[in-house]
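The chains referred to below are lettered A, B, ... by the order of the sequence lines, with proteins before strands, and numbering in each begins at 1. Since this is a predicted model, take the numbers as computed values, not measurements.
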Amino acid sequence: ETGVTQTPRHLVMGMTNKKSLKCEQHLGHNAMYWYKQSAKKPLELMFVYNFKEQTENNSVPSRFSPECPNSSHLFLHLHTLQPEDSALYLCASSQDGTSGAYEQYFGPGTRLTVT
Amino acid sequence: RKEVEQDPGPFNVPEGATVAFNCTYSNSASQSFFWYRQDCRKEPKLLMSVYSSGNEDGRFTAQLNRASQYISLLIRDSKLSDSATYLCVVRFSGGYNKLIFGAGTRLAVHP
């Protein structure tokens, strides 16, 4: 596996379900990110982890709970979501989360539908 | 006012045309600037960084005007494969590697 991988690629869940999105990067990077992309809206940064420490929580509702057990893995735990949470969830990684000199590489995303 | 604004398009151009996209940003403390490309139902990928003096990469030319808080991307000799959404991206100074994305400009190149 190379680059940034995400599973599942598609997810349909009810509002009372609990599910998790997984991201794995094979690039040796130290920073990982969760973004949300809704239809016709810009990508919105949700969380940043740098060296496994959460460094940014962009006012994300508590029904989204991130977890970063190590520099290569990032999870987004979902519970009691709303239909407006339906979107493409993108994971990214970069060499370092503190410098804009490092490019962010994106995974293919998980397309989430909340029914 | 949106932090990063782009004309959503779509821009429909024939092969071989020259097309220009514009972008404005609201935070004068912005530090780094990029153009990303996103194909339909795919992830964004870095197309090019934008430097103060302007820079070129093959058929693509990026310009930055800090005084006007304006970024542009020029594509010459458009190819069918250039059809995609082009995202203007800004990184504000300080803090972490936090990118602010525009909503994107869609380009459709036709034969």
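The pair Asp39(B)-Arg41(B) does not count as a salt bridge, with every side-chain nitrogen at least 4.0 angstrom from each carboxylate oxygen.
Across all their heavy atoms, Leu81(A) and Met13(A) have their closest contact at CD1-SD, 4.0 Å.
Contacts between Leu43(A) and chain B at a heavy-atom distance below 4.5 Å involve backbone atoms as well as side-chain atoms. Gln38(B) touches chain A through its side chain: at least one heavy atom from C-beta onward sits under 4.5 Å away, while N, CA, C and O do not. For chain B, no part of Glu44(A) is nearby; none of its heavy atoms comes within less than 4.5 Å.
Without hydrogens or angle criteria, Gln6(B) side chain to Gly104(B) main chain gives a donor-acceptor distance under 3.5 Å.
Note: Gly107(A) leads Gly107(A), Ala92(A), Ala31(A) in heavy-atom pairs under 4.5 Å with chain B.
In this structure, the ring of Phe33(B) has its center less than 6.0 angstrom from the ring center of Tyr25(B).
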